[in-house]
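Written out below as structure tokens is the structure these notes cover.
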Amino acid sequence: MSTGLAKLTRLRELILDVHYYGDVKACLGPHGILDLSSLNELVTLRLPLYFLVEMQIGVDPFVPNLAVVLPASVKHLTVWANRDYVQPSRVTAFLGGWEALLTGNKPVLHMRQSALDFFASVSSRVADHFRHLEEVTYCYAARALRTACQCDKDMLCSRCEALKFLDPYAMDDSSSRMQIQSFEFEEHGIRLRTVQEEVQDRPPYLPSRTIPELTDMFSSLAL
Amino acid sequence: MPPPTRDESTRDVMAQKMSILICLMGLVMSQTLDDTPRQPVKQPENDPSHAKSPPRNAGKVAHIMKLPVELLLQILQHLAPSNVQPYLQGTSLQTYKQAQKDLRSVCLVSKRMDAVARRYLYQDVIVKDTDTLAYLLRTLDEDQPLGQEVKQLFLELPNSFTDDEYRSPNVAILESRPNFEEIEEANLVPSDYKQYQRDLHFWAGGNRRKPSFNDWAWSKEWRVFSHMIYEILIRTPKLESFCLGRIPPSRWNSLPSEYDFLAKLIQSAMGFDVLFREKPAAPFLPKLTQLQLLADRAGDNHTCYPSSLLDDFLVLASLRTIRSFRNDRISPIRSPWLGRSGRSSRHAASFAALTPSSQCHLNPVPGLLIAD
């Protein structure tokens, strides 16, 4: 995908509200990262945070130097994570393949940590690379966030578990880091936002009409 | 003072457009202010049959007809629909439809007005059903220059038999034109169940679930849509914005045949005629700057659509905006001139590691790696 997108040199806006399973990393670019560095006119960018996280066996997932993969022209940068599709077990089950299963060195993905790493990587290069940046947004979503908290003494409910996985303000240590990051961005006049997005449910799908032709077709089946 | 609400703004725009339309109609029906002196009508003497007074508007030309085309264009621009977006509904959709209706009314005034208003009538086209798709194709085929006026095209076709908007494609209105033979051949025949069984016999999907008759029949139905979409796109070379909406969920891991029109267009543009035996066409959508690939609004979050659709459009260097929403599965980049069989993408990933400098195009699962 990096190679394909690199041809679109006039691209100004790229929104990839894409969900993914399994082996998407192999399709993104070098080291499993989506490389958009050649898109020198890109102004608005929204993509999955996972596309910027490097996963290696035996190493915790990390966000590399984003100045290498993101163009300096970006003004509005949004990354997002959805708990329902980036299940840690689902991702780690794929990552590393057979080797990981055999050795047990499976990388474990935490979007909250990756979000913090992402902010840190961007803020460290604001002065010399991301000079046009005006807004950085981290969006997250999960179905479980629509439910009320049902924690008991011993176990976190699914809602709080999702928050712990996604929300950088969910834990004290990461919340402190977020405040520092927010301050650093503000110093450069960049707006930092964390947004919880709604997960839209499919409405109950009831066919409102029959298709006589189709009914006839099916009824003509000589089984 | 609070800003106007969306409904208030919409009503204001509609009111403005109606007033413009009424003024235009009034100009057409008004008395002339023609400067040329009227010649008195010479009546034969003593002839009672010629004692009638001349027609009221004899020798008169409506004021608006004397306006230059440039002015008419500027006037009618205010009638054109504005802010056309995908998935319009409610008031926004009504506003769009009313604008189209107004323009159509202006087209009926005269040939001159028709020539001017048609540009705006076909500027932003939303297609929500197959009847509109077929009529649009017929119109663009009959009036070749008209295709140059289409700047935005939104395709929001039904994605299942039970969709409210579904109609069996009415290819009869294409009147058996020679260049539409492929469309007619692809038209679904109800008695195709035997063909379905024959196709299953040659199923090469390996361990993948075989399609149900419903899925298979829908795939055949969409083949007709796909041909029509292809014929429309090659007649709209100045298209600037293309939206493919209501993309159905992918039933299989590979790109279903519903999107063969894309492969066909790209192959034509890139000079490949291996599969379709066609001469290379003009460059594929050279003016396209905005692309929107939108899954069905009502789709389940867990469904997926073939995101290799996006890959097909990556050959368009003119693109400035790409919006891809609610895609649940992503496939490797696909070479459009290849089939869907081959080695798995896992091997392809290994190959990519061996040749990092080559431009590799990966087929969707099951994939085949081909280097440029």
Side-chain angles (χ1 to χ4, degrees), chain A residues 1-32 41-44 46-48 51 82 84-85 97 141 143 199-218 220-223, chain B residues 160-164 166 168 188 190-194 196 213-214 217 289-290 292 294-304 307 310-311 313-333 344-346 348-350 352-353 356 359-362 365 372:
Chain A
M1 184 172 273
S2 297
T3 307
L5 285 171
K7 297 174 190 170
L8 307 180
T9 53
R10 296 179 62 195
L11 199 65
R12 287 177 59 87
E13 179 180 338
L14 177 61
I15 296 178
L16 293 177
D17 189 26
V18 292
H19 295 157
Y20 44 87
Y21 292 121
D23 57 353
V24 67
K25 281 292 194 183
C27 322
L28 294 178
H31 309 290
E41 294 191 28
L42 195 65
V43 172
T44 302
R46 175 183 163 107
L47 74 169
F51 284 15
N82 189 312
D84 301 313
Y85 301 101
R143 286 181 191 280
V199 174
Q200 294 180 13
D201 255 342
R202 182 180 69 171
Y205 184 62
L206 300 171
S208 58
R209 55 191 289 260
T210 58
I211 311 298
E213 299 85 359
L214 192 59
T215 306
D216 288 343
M217 273 196 285
F218 289 164
S220 69
L221 303 181
L223 297 175
Chain B
S160 73
F161 283 120
T162 50
D163 190 300
D164 281 343
Y166 167 74
S168 184
L188 182 67
S191 57
D192 261 359
Y193 186 70
K194 289 186 180 175
Y196 164 68
F213 176 73
N214 190 24
T289 55
Q290 183 178 89
Q292 298 187 84
L294 311 176
D296 197 348
R297 284 170 302 168
D300 190 334
N301 276 333
H302 289 279
T303 59
C304 54
S307 64
L310 174 61
D311 304 340
F313 283 97
L314 296 185
V315 298
L316 299 175
S318 58
L319 278 175
R320 308 202 78 182
T321 301
I322 293 178
R323 297 192 186 118
S324 176
F325 277 109
R326 302 193 63 183
N327 179 349
D328 200 51
R329 183 174 288 262
I330 191 165
S331 301
I333 296 173
S344 71
S345 60
R346 187 178 299 176
S350 302
Q359 288 199 12
C360 299
H361 294 272
L362 310 177
V365 177
D372 279 334

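Scope of the values below: all heavy atoms of this structure, side chains included, with no hydrogens, waters or symmetry mates.
Interface check for chain B: of the options A/Val43, A/Leu8, A/Leu42, A/Thr44, the most heavy-atom pairs under 4.5 Å are formed by A/Leu8.
Between A/Leu14 and the options B/Leu319, B/Thr321, B/Ile322, a side chain to side chain contact (heavy atoms under 4.5 Å, CB included) holds for only B/Ile322.
Considering every non-hydrogen atom in both A/Arg10 and B/Arg320, the closest pair reads O-NE, 3.2 Å.
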